[in-house]
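Structure first, commentary second.
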Amino acid sequence: MANELTVVVLAAGGGTRMKSKTMKVLHSIGGRTMVGHVLAAVQALEPERIVAVVGHQREQVGPHIHELVPDAVLAVQEELLGTGDAVRVAIAAVGEPTGTVLVAAGDTPLLEGESLRAFAADHLAAGRAVSILSGVVPDPTGYGRVVRGADGDVEAIVEEKDATDEQRAIDEINSGILAFDAAFLREALPRLTNDNAKGEYYLTDLVGLARDAGLSVGAFAIDDVAQTEGANDRAQLAELGRELNRRIVTRWMRAGVSVMDPATTWIDADVVLAEDVTILPGTQLLGATVIAEDAVVGPDTTLKDCEVGTGARVVRTHGELAVVGAGANVGPWSYLRPGTELGADGKIGAFVETKNASIGPGAKVPHLSYVGDAEIGEGTNIGAGTIVANYDGVAKHRTTVGRHARTGSNNTFVAPVTIGDGAATGAGTVVRHDVPAGALTVSSGPQRDLEGWVLRRRAGTTQAAAAESAGAEDPQRPAEA
């Protein structure tokens with residue numbers, strides 16, 4: 001910006017209609033809290049400072065804001081006496097700001113930095129004392145109305161409870177986002193009164209004070225009014241969430257991502273997708289998930305804070321804090337828990353759960369297995385039904401399987417244990433001790449066949465009849481004379 005810019009974010013209200021122990025601005029859509037979306041938008045302005053006004057449940061809101069913007073100034077509004085009082089508290093917290101002060105609400109999650117830049121630039125270019133970000137809507141119910149004079153200049157903003165019938169018919173609304181000349185704001189704030197239906201100090205009353213002083217007041221109408229919409233209850237929050245998701249999905253499709261069914265695809269704001277990614281129906285990409293080019297994700301897949309490499313395929317899978325290498329295959333019905341790392345061209349197959357496990361390049365865990373606290377070497381194949389017994393009831397232990405090993409079906413690896421490079425294990429083996437490289441390890445005894453057992457112990461059943469019809473005999477039955 002050409003001059004100093006201070007941004008004030010209002011985040012003190014209680015949001016009682018949310019009916020929640022969580023503060024309103026901390027409710028999330030699109031992978032961020034509502035105030036998180038607003039902070040991301042105002043940071044695009046590169047302001048000199050950001051001041052967040054907190055009040056209700058500030059022990060929750062303050063730390064969250066500092067987590068997102070560590071150098072934000074927190075100003076405490078002890079009593080919720082209106083937006084004018086909130087901005088007064090904010091200005092007191094930073095001393096005497098100069099240049100421009102832009103005020104935004106903390107519950108407008110569709111707000112975009114580009115729109116704020118255009119608004120701030122218009123305010124500066126016009127040299128106004130007050131600028132209003134306004135919008136024309138088909139139903140202005142609940143909003144303050146922008147009242148213009150016969151010459152089209154802004155004369156006032158009137159809150160709905162204080163509006164006449166004629167003023168209620170106005171369809172240009174105040175978004176709640178305003179820009180002020182800092183010198184005028186400092187001088188005028190102490191002159192606000194609470195002589196209105198709600199007994200609050202309205203920030204919008206500064207419009208009248210500016211007009212009385214002969215100063216310039218204007219409105220910048222935003223075409224995309226939805227960016228200024230707030231959520232007062234969970235139904236409105238869900239509506240904004242659907243609209244936000246529609247915008248995110250559309251943006252990615254226009255950037256070269258194929259989304260087979262946008263209506264059933266959810267993508268969080270911080271997800272990163274490369275060109276030629278394909279997203280199949282019923283997929284949710286959440287948190288800081290990153291998908292590389294030519295990867296295919298879905299259908300019916302949820303990934304949170306995951307990385308998927310080039311050309312990988314992830315099918316009907318739930319994953320969190322996991323990494324899938326280039327060309328790898330996952331699913332269907334796989335569960336990738338935190339700490340899973342699947343190497344390039346590897347495989348995690350059907351009904352496999354992994355946790356804190358490194359599965360090397362080309363290694364495979366194809367079927368019905370649990371691999372936790374383990375390292376599987378390059379090119380190794382883990383047999384179906386394998387369990388890594390990593391927990392002894394007190395502590396977790398680690399299992400290491402070397403390169404190009406072949407383990408049999410229905411194995412149990414009792415950690416801590418190491419299976420050497422190129423080793424093999426027989427079906428049904430319980431590995432309790434380290435296996436040398438290249439060795440074959442078996443732990444089950446020789447097979448025993450008790451002939452005639454079904455005929456003796458299950459006589460009269462369909463099982464016995466089937467066995468007898470197949471020629472089975474009971475060697476313990478006395479021979480006929």
Side-chain angles (χ1 to χ4, degrees), residues 29-31 241-242 244-371 376 378-382 384:
I29 59 173
R242 283 191 294 271
L244 176 61
N245 186 68
R246 185 193 67 78
R247 293 172 180 227
I248 292 172
V249 171
T250 299
R251 174 168 58 86
W252 283 118
M253 289 191 291
R254 288 176 175 160
V257 174
S258 293
V259 180
M260 294 296 103
D261 185 11
T264 63
T265 300
W266 288 79
I267 303 175
D268 275 354
D270 293 323
V271 169
V272 177
L273 306 176
E275 291 183 3
D276 292 318
V277 166
T278 298
I279 308 298
L280 299 180
T283 293
Q284 298 88 45
L285 304 177
L286 310 177
T289 293
V290 178
I291 313 291
E293 63 182 359
D294 297 322
V296 179
V297 180
D300 306 322
T301 292
T302 298
L303 301 179
K304 182 178 181 181
D305 299 326
C306 291
E307 296 180 23
V308 177
T310 302
R313 184 178 179 97
V314 182
V315 181
R316 289 191 168 89
T317 292
H318 186 97
E320 184 171 357
L321 287 168
V323 176
V324 177
N329 282 275
V330 179
W333 316 120
S334 302
Y335 182 19
L336 311 183
R337 292 170 60 190
T340 295
E341 295 184 10
L342 176 61
D345 301 314
K347 179 177 179 62
I348 294 174
F351 300 102
V352 172
E353 178 180 348
T354 58
K355 187 269 296 181
N356 195 23
S358 175
I359 300 166
K364 299 178 181 179
V365 187
H367 322 285
L368 300 159
S369 296
Y370 170 70
V371 178
I376 311 298
E378 176 185 358
T380 284
N381 188 86
I382 301 296

Looking at Ala288, is its backbone amide N or carbonyl O close enough to the side chain of Asp305 to form a donor-acceptor pair, meaning the two atoms are under 3.5 Å apart? yes
Keeping the roles fixed (side chain from Ser369, backbone from His367), state whether a donor-acceptor pair exists under 3.5 Å. yes
Nearest heavy-atom pair of [X] and [Y]: which atoms, and what distance?
X      : Y      : answer
Gly325 : Ala312 : O-CB, 3.5 Å
Ala328 : Gly343 : CB-O, 3.7 Å
Ala255 : Glu275 : O-CG, 3.5 Å
Ala350 : Ser334 : N-OG, 4.5 Å
Ala274 : Val257 : O-CG2, 3.5 Å
Trp266 : Asn245 : CA-OD1, 3.1 Å

Rounded to the nearest 0.5 Å, what separation is found between the [atom1] atom of [X] and the [atom2] atom of [Y]?
X      : Y      : atom1 : atom2 : result
Thr265 : Gln284 : OG1   : CD    : 8.0 Å
Ile267 : Thr289 : CD1   : OG1   : 10.5 Å
Met253 : Ile279 : CE    : CD1   : 11.5 Å
Thr354 : Ile359 : OG1   : CD1   : 5.5 Å
Asp345 : Lys364 : CG    : NZ    : 9.5 Å
Trp252 : Ile291 : CH2   : CD1   : 10.5 Å

More than 12 foreign heavy atoms under 6.0 Å from NZ of Lys347: is that the case here?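 Counting other residues, nucleotides and ligands, NZ of Lys347 exceeds 12 neighbours.
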Considering residues, nucleotides and ligands other than Lys355, do more than 12 of their heavy atoms fall under 6.0 Å from its NZ?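 Enclosed: over 12 neighbouring heavy atoms sit under 6.0 Å from NZ of Lys355.
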Matching residue for Arg313 among Val330, Asn329, Thr278 - test: side chain to side chain contact (heavy atoms under 4.5 Å, CB included):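 Between Arg313 and the candidates, side chain to side chain contact (heavy atoms under 4.5 Å, CB included) is satisfied uniquely by Asn329.
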Going by side chain to side chain contact (heavy atoms under 4.5 Å, CB included), Val297 matches just one of Leu280, Thr317, Thr283. Which one?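 So the option named by the test is Thr283.
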